[in-house]
Amino acid sequence: MSMVPSRTKPHAAVVYHPLKTDVAGLRSAVEAAEAKAGWSSTRWYETEAEDAGLAAAKRAIADGASVVLGAGGDGTVRAIAEGLRYTEVPLAIVPQGTGNLLARNIGMPLGDLQAAVEAAFFGSGRTIDLGSMTIVRPADEHGAADEEEHAFLVLAGMGLDARAIRATRSKLKKRVGWLAYVDAGVRTMVKDKPLEIQYSMDGSEAKRLTVYTVMIGNCGLLPGGVLLIPDASIDDGLLDVVALRPLGPFSWIRIWNKIGWENGVLRKTKAGRRIIDLVNDTKNVTYVRAREYSLAVEGPEPVQLDGDDFGLAVEVRGQVDPGALIVRVLPGWQRPE
């Protein structure tokens, strides 16, 4: 029995989506791990629909949690990470749902509840970057434009991908995952007019560009093993901005095939990875790295963060937040090569 006085024992917190989490199984694993670690009783917080877990994560921090286990899909993990930003309280991911984007990018074994809980109580901390996006809403009847700032873990976007996400029913997303329905959605929208954007990177003079979509990546691995941005790193202090441009008929389908199918299959071998060169093989792609970015459009356009619809915007701007989040990992976890 531990001789450490109860008042000095740390405690963990679990922030969980009640409809996506095996609460009984998770509770059993957590209770066993906390007893083994000699910690006080774990505190449990349900997410709220209004903010997907942001407020619950902040309550857990205010209550003195030493680590926060985030149980749910990508939206839940993103919201919890936003609440933990710059707090130095680590996040332990308990992957649920279909995407599990951050879990994939840190090499977590999916479906291994025991490993996720072991990482929370006995793992080490890995410091990673967060993306930050300020969303400028269309002006109201009085000419005022609201702004919202949110973090993202893996990928933000504006364009055909965000339009597909906004137009698709949530039940389909839950069943097949967001990449699959974006793939289906953009194939039905190739007749949509491309976007005319003004963009600036790292404070440069604003330039105009015609695009299908702009994606801002903090790391590059997507569901299904698709490596959208092969050189993106989750801890390099940079964002990887990819603009997909229309050049000729059916160019969007050619780009998406390159990203989704050729990339997803060929990258599984070293020879295949040498074949894949999205920028040079497909001239429709503009690729830059930046610490800060700004995009403006002529009319309201949907925005997506980590596969979730975040409404309409006329401008987005943001930056990378280097080292803003600590995630708990176990030895041997690394992004699949």
Side-chain angles (χ1 to χ4, degrees), residues 9-37 39-85 87-106 108-123 125-126 128 130 150-154 170-171 173-175 177-178 223 305-308 325-330 333:
K9 289 181 181 180
H11 76 267
V14 177
V15 177
Y16 66 99
H17 190 303
L19 301 181
K20 293 184 178 181
T21 304
D22 174 10
V23 179
L26 181 56
R27 190 177 294 274
S28 177
V30 166
E31 288 176 353
E34 77 186 20
K36 181 179 176 182
W39 286 28
S40 296
S41 295
T42 298
R43 303 184 187 185
W44 295 71
Y45 305 80
E46 281 193 14
T47 62
E48 298 174 3
E50 297 78 38
D51 65 8
L54 174 61
K58 290 183 175 181
R59 287 199 304 274
I61 296 303
D63 292 342
S66 295
V67 63
V68 174
L69 291 82
D74 291 322
T76 302
V77 174
R78 189 213 62 80
I80 295 169
E82 184 172 318
L84 299 182
R85 178 169 44 178
T87 64
E88 298 188 0
V89 176
L91 167 66
I93 309 165
V94 182
Q96 309 286 311
T98 55
N100 303 310
L101 296 179
L102 182 58
R104 294 172 189 270
N105 277 278
I106 63 173
M108 282 192 72
L110 301 182
D112 191 338
L113 182 63
Q114 189 65 35
V117 174
E118 287 284 318
F121 287 90
F122 306 106
R126 178 183 175 187
I128 66 171
L130 284 179
H150 296 284
F152 63 92
L153 292 161
V154 177
S170 60
K171 288 184 179 180
K173 174 184 172 181
K174 292 176 183 177
R175 187 168 73 246
W178 70 269
L305 300 181
D306 290 339
D308 282 335
L325 183 67
I326 301 170
V327 292
R328 282 282 172 89
V329 298
L330 290 177
W333 287 6

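What you see below is based on every heavy atom in this structure, not just the backbone, and it leaves out hydrogens, waters and symmetry mates.
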So do the side chains of S41 and H11 get within less than 4.5 Å of each other, counting heavy atoms only? no
Would you call T21 and V94 a side-chain contact if the rule is heavy atoms closer than 4.5 Å? no
Out of curiosity, [X] [atom1] to [Y] [atom2], how far, rounded to the nearest 0.5 Å?
X: S40; Y: K9; atom1: OG; atom2: NZ; value: 5.5 Å
X: L153; Y: I93; atom1: CG; atom2: CD1; value: 7.5 Å
X: L102; Y: D74; atom1: CG; atom2: CG; value: 8.5 Å
X: R126; Y: L325; atom1: CZ; atom2: CG; value: 11.0 Å
X: T47; Y: I80; atom1: OG1; atom2: CD1; value: 7.5 Å

Listed by chain and number, what are the salt bridge (Lys or Arg N to Asp or Glu O under 4.0 Å) partners of [X], not counting sequence neighbours?
X: E48; result: R59
X: R85; result: E149, D321
X: R78; result: E82

Any ring-ring contact (aromatic ring centres under 6.0 Å, His included) pairs touching residues 54-76, not counting sequence neighbours? none
Which residues pass the side-chain hydrogen bond (donor to acceptor under 3.5 Å, both in side chains) test with T42, sequence neighbours left out? E34
Can you list everything that forms a side-chain hydrogen bond (donor to acceptor under 3.5 Å, both in side chains) with D63? Sequence neighbours excluded, please. Y45
Closest contact, heavy atoms only, [X] versus [Y]:
X: V89; Y: A65; answer: CG1-O, 3.7 Å
X: A119; Y: W333; answer: CB-CH2, 3.6 Å
X: G70; Y: V77; answer: O-CG2, 4.3 Å
X: A79; Y: G53; answer: CB-N, 4.0 Å
X: V15; Y: A56; answer: CG1-CB, 3.8 Å

Under the criterion side chain to side chain contact (heavy atoms under 4.5 Å, CB included), I'd like the reasoning laid out for V68 against L84: C-alpha separation, chi angles, the key distance, then a yes or no. CA-CA 9 Å; V68 174; L84 299 182; 3.9 Å; yes
Can you sort out the partners of F152 under ring pair (Phe, Tyr, Trp, His ring centres under 6.0 Å), two or more places apart, ordered by chain and number? none
Counting distance only, does the side-chain N/O of D51 pair as donor-acceptor with the main-chain N or O of A55 below 3.5 Å? yes
Tell me whether S28 contacts the main-chain N or O of A24 through its side chain, where contact means a donor paired with an acceptor under 3.5 Å. no
Evaluate K36 against F121 for side chain to side chain contact (heavy atoms under 4.5 Å, CB included), listing each step before the verdict. CA-CA 9 Å; K36 181 179 176 182; F121 287 90; over 6 Å; no
Name all residues meeting the side-chain contact (heavy atoms from CB on, under 4.5 Å) criterion together with [X]; count only those two or more places apart in sequence or in a different chain, and write none if there are none.
X: A35; answer: none
X: A92; answer: V67, L69, A120, R328
X: S66; answer: P10, W39

Could you give all pairs that pass the side-chain hydrogen bond (donor to acceptor under 3.5 Å, both in side chains) test and reach residues 87-97, with sequence neighbours left out? none
Quick one: side chains of residues 110-117, donor-acceptor pairs under 3.5 Å with protein atoms, not counting sequence neighbours, listed by atom name and distance.
unit_1, atom_1, unit_2, atom_2, d
D112, OD1, Q114, N, 3.4
D112, OD1, A115, N, 3.0
Q114, NE2, E118, OE2, 3.3

